[in-house]
Amino acid sequence: MEQQQLEEHYADYVVGQTDADEPLVGQQPVPFIGLETIRLMVNGDSMEPDFFDGDIIEYKLQLVLENGELGVFAVNGGITMKKFKTNGDVRLQSLNDKYEDIIIKEEDDFSILGKVVI
């Protein structure tokens, strides 16, 4: 399948879930080479009032985020969507105040998967 056909084929598919509460263990980054954006279904309420359980988000594949941007992250074997905060440390912040920040420690397996665009 050619690259353009591959992109068109997967354009309307949700390819996984991202947890809005804690990182969704067992969910792995989606290895679609050449696609610029990936769609995931939100699981949980920690990103309310902007994103609700069952919403579909789209994220652009990129490895660097600016402070305050919404992103999708791989954390210790799971995937989560949060606001990226950095001020001496790295924190993943929920939009819903009832959830505490996830503070990324040196020993954590952490990577930025991309920036939320929808």
J.: Would you say that D45 contacts D53 through its side chain, given a criterion of any heavy-atom pair below 4.5 Å between the two side chains?
T.: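 No, side chains not in contact.
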
J.: Looking at CD1 of I104 and CZ of R91, how far apart are the two atoms once the value is rounded to the nearest 0.5 Å?
T.: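 Spacing of CD1 (I104) from CZ (R91) equals 10.5 Å.
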
J.: Nearest 0.5 Å, what's the CG-NZ distance between L70 and K82?
T.: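 One finds 10.5 Å between CG of L70 and NZ of K82.
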
J.: For D101 and I103, indicate whether the former's side chain and the latter's backbone hold a donor-acceptor pair under 3.5 Å.
T.: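 No: the side chain of D101 does not pair with the backbone of I103.
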
J.: Spell out, as yes or no, whether a donor-acceptor pair under 3.5 Å connects the side chain of N76 to the backbone of D109.
T.: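 Present.
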
J.: Considering non-hydrogen atoms only, spot the tightest contact between Q62 and V64 and give its length.
T.: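 Closest heavy-atom pair between Q62 and V64: NE2-O, 2.8 Å.
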
J.: Any chance you could measure T86, atom OG1, to E66, atom CD, to the nearest 0.5 Å?
T.: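 CD of E66 is found 10.5 Å from OG1 of T86.
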
J.: For the atom pair CG (N96) and CZ (F51), what is the distance rounded to the nearest 0.5 Å?
T.: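 These two atoms lie 13.5 Å from each other.
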
J.: Can you tell me which residue among V90, L92, I79 is in a side chain to side chain contact (heavy atoms under 4.5 Å, CB included) with F73?
T.: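 Result: among V90, L92, I79, L92 is the only option passing the side chain to side chain contact (heavy atoms under 4.5 Å, CB included) with F73.
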
J.: Kindly indicate whether the side chain of M41, heavy atoms from C-beta on, has any atom under 4.5 Å from the side chain of D55.
T.: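 Contact flag for M41/D55 side chains = no.
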
J.: I want to check something: taking the side chain as every heavy atom from C-beta on, are M81 and L40 in contact at a cut-off of under 4.5 Å?
T.: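 M81 does not reach L40 side chain to side chain.
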
J.: Which atom pairs, donor and acceptor, lie under 3.5 Å between side-chain atoms of residues 110-118 and protein residues at least two apart or in another chain?
T.:
residue	atom	partner	partner atom	Å
K115	NZ	E69	OE2	2.9

J.: Measure the shortest side-chain to side-chain distance between V72 and I38 over non-hydrogen atoms and say whether it is less than 4.5 angstrom.
T.: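 Not touching, per the 4.5 Å side-chain cut-off.
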
J.: If I compare all heavy atoms of R39 with all of I56, which pair ends up nearest, and what's the gap?
T.: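 Reported closest heavy-atom pair: CB-CG2, 4.1 Å.
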
J.: Looking at E107, I'd like to know if its CD atom is crowded, meaning that more than 12 non-hydrogen atoms belonging to other residues, nucleotides or ligands lie closer than 6.0 Å.
T.: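 Check passes, neighbour count above 12.
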
J.: In Å and rounded to the nearest 0.5 Å, what is the CD to OH distance from E48 to Y99?
T.: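 The OH atom of Y99 is 8.0 Å from CD of E48, to the nearest 0.5 Å.
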
